[in-house]
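Start at 1 and go down the list; that is how both ligands and their atoms are numbered. The basis for the numbers below is simple: all heavy atoms, side chains too, and nothing from hydrogens, waters or symmetry mates.
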Amino acid sequence: MKNFRFTALSETFDRQVIPVNYPSNKISDYFGSMVFNQGVMREYLTKEAFKSVEMAIDKGTKIERKVADQVASAMKSWAMSKGATHYTHWFHPLTGSTAEKHDAFINPAEGGKALEEFQSNELIQQEPDASSFPSGGLRNTFEARGYTAWDPSSPAFIMESTLCIPTIFVSYTGESLDYKTPLLRSNDAIDKASVKVCRLFDKAITKVYPTLGWEQEYFLVDSALFAARPDLVLAGKTVFGHASAKDQQLSDHYFGTIHSRARAFMRDLEIESHKLGIPLKTRHNEVAPSQFECAPVYEEVNVAVDHNQLLMHLLDTVSRKHYFKVLLHEKPYALVNGSGKHNNWSLATNTGVNLLTPGKTPLDNLRFVTMLANILKALHTHETLVRASVASASNDLRLGAHEAPPAIISAFIGEQLTRTLDEIENMPSPENINNGGAKGVLSNIPKIPEILLDNTDRNRTSPFAFTGNKFEFRAVGSHDNAAKPMFILNTIVADQLNQFYDDVQQLMEKGIKTEDAVFKIIKKYIKSSKAIRFEGNSYGDEWKKEAKKRRLSNTPNTPDAIKAYLTAPVIALFERNQVLNKRELEARYEIKLDNYISKVQIESRLIGDLSINHIIPTAIKYQNTLIENARGLKDVLDHKTYVKLSRNQVQNIKEISEHISMIRQYVEEMTNERKIANLLDQFDQKAHSYCYQVKPYFEKIRYHVDKLEMLIDDSLWPLPKYRELLFIK
Ligand code: ADP
Ligand code: MG
């Protein structure tokens, strides 16, 4: 029998470290060289045209056809000078990955010749035949048209000789079919709401935009070993595998020296990223063996999301050159850490202020506390929606397991800020402390203590932690499109800020001074959203009990978690802020359910297939050698000695039989449950059935398979083992 495991193993030992071709030792020499950025535009466009594009980027104004003609022509010349032959609209459909359809710059011309052409209409809008993208019923198959439309706020770039133009993707009827559209709409909502609130403090603020700095975790595995694991190939995770004798218990991988093969890969990855303008800055070993992380410097959220999508693509393409596969699944291996994406989110202003940085003056501090209190209030009001924003079949396996935040949403703000908020909560209202004598604007501001933040004040277990000048949302899945949690966060905070503004206005109409009104409302918010704050260990069981008392939700499974999308308050929230309408929400809900069902179904089939055609045949083969051996012993030994010595042997044979029989039984039962689930035609019932009837078999079957892995002759075992997948480098 051909054993793929050993072929794969022998291949991995031949791997050489691939030397990296440095374009230059100075990153600044090639940073952004493949990006049609503002610098290039300034060079290629007339002054007026450049101004108009700049306005479109900053203010979202419309670009005139004449200007678009110029941009298209400039893009073509620039792209061709960089060796590009094709162009594509590049978008983020609801599959979660990116989509592209390349067209050559070519147009037939007279005399059997051809001319390079790229017109503004090709830049501005395309109509891909999009019938196979998930639309959740928003687009009937007979009306397959979907539009992609240019997003000038994210720069075009060249990847593998193709000019890629970031676009949104909407249906014929204008409904969003992607992640970018609601993100841009939510940016608009939070801009308007924050500016309104900020102007209570500073009239110079006219623009607020969210910033995102993501941290991307991933696993590397040798490509030969990967190819010998059908589960990694088809599901991106291992469905079986006994724990390795050593895994992460010595904590010797985290921040350790990056081994040479991984380093060569990372260097290549960074060069490709830097050429595309992705400001990758940090790289390090993560906790699990063969787990790593990279992070850029933060950027405006729309650009940062595009860069994260690009980075995930580069992880895949660059790793191939180094005979690695990158695993972006949230839980590729049981019993060691999973992978997440940490979304560091903040709000920046046109005046260069980070709204989540405590200020130096009392007024700045009041503004800071206002933002903080509103964010906490938004999180408390919409904790179920925030949980839903990171829900997926694969992230369900990570949340609440091994150094990952639980499915309970809470916020950590650190000791100092907790003290500040407690003090505000217990402070008498300003009208009581300022008894007359008030002069000027600032004198009426209550004494918010000076806020000195200590950056070491960290809590690694919190899903949503304040880290000095930003919130770090740690529950995001590693493979997820980062836009999803971001547009939801933007929307809930925008909505809350609008509410805050109205609350303050109401008091002001009664003649209360601005600062007093602000203070009064903040105080109320701090009190009412207190339950969302948790400073303790979020990984512990104690927290689950405590969270229940606080009436915080804990929904570990996607089908339950995403119900939040269709509750009346959430639909109203999204409609009020013009981010998604009811139909769009329903469509997204359906797509998520469908995706969940497919993922669990694939995993279940894999478990069945591998059990029946890999594991059981191997177990029987080994068992037969044991039986033969026992028979042989009987022939050569006297009866008494045989009985004494063969006891273990026979026991072993029996044990193997028991495991085989249990696996067979469970696989059969699981398959029957799948058949029952498949007959259901309501998506939610089907997802529920897959979650509660099919999925529980995974662990049961795995238990017996992993036991067999320990019992059976290593030279027969067909699948690369954890010690090989995780440690061979
Ligand atoms: P950690 O110690 O958690 O790894 P870092 O301080 O290295 O965190 O930052 C992680 C990410 O947070 C980086 O991408 C960084 O650019 C980003 N970040 C820093 N400041 C902000 C901000 N104001 N808004 C958004 N992201 C930020
Ligand atoms: Mg971090």
_If the contact criterion is a heavy-atom separation under 4.0 Å, does Thr467 count as touching ligand 1?_
no
*Do Trp90 and Phe157 have ring centres separated by under 6.0 Å?*
yes
*Would you mind reporting whether Glu217 and Lys341 have side-chain heavy atoms less than 4.5 Å apart?*
no
Atoms of ligand 1 less than 4.0 Å from [X] heavy atoms?
X	answer
Val297	16 (O)
Asn354	23 (N)
Thr211	22 (C), 24 (N), 25 (C)
Pro296	13 (C), 14 (O), 16 (O)

_Pair His92-Asn481, side-chain donor/acceptor within less than 3.5 Å_ =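 Judged by distance alone, the side chains do pair up.
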*asked:* Using only atom types and a distance under 3.5 Å, with no angle test, would you say the side chain of Arg550 pairs donor to acceptor with the backbone of Ala531?
replied: yes
*asked:* For atom 5 (P) of ligand 1, tell me which residue out of Glu293, Glu472, Lys470 has the closest non-hydrogen atom.
replied: Lys470
*Tell me which part of Lys281 gets within contact of ligand 1: side chain, backbone, both or neither, using heavy atoms under 4.0 Å.*
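Answer for Lys281: neither.
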*Can you name the salt bridge (Lys or Arg N to Asp or Glu O under 4.0 Å) partners of Arg42, sequence neighbours left out?*
none
*Output yes when Asp316 and Lys325 qualify as a salt bridge under the 4.0 Å nitrogen-oxygen rule, no when they do not.*
yes
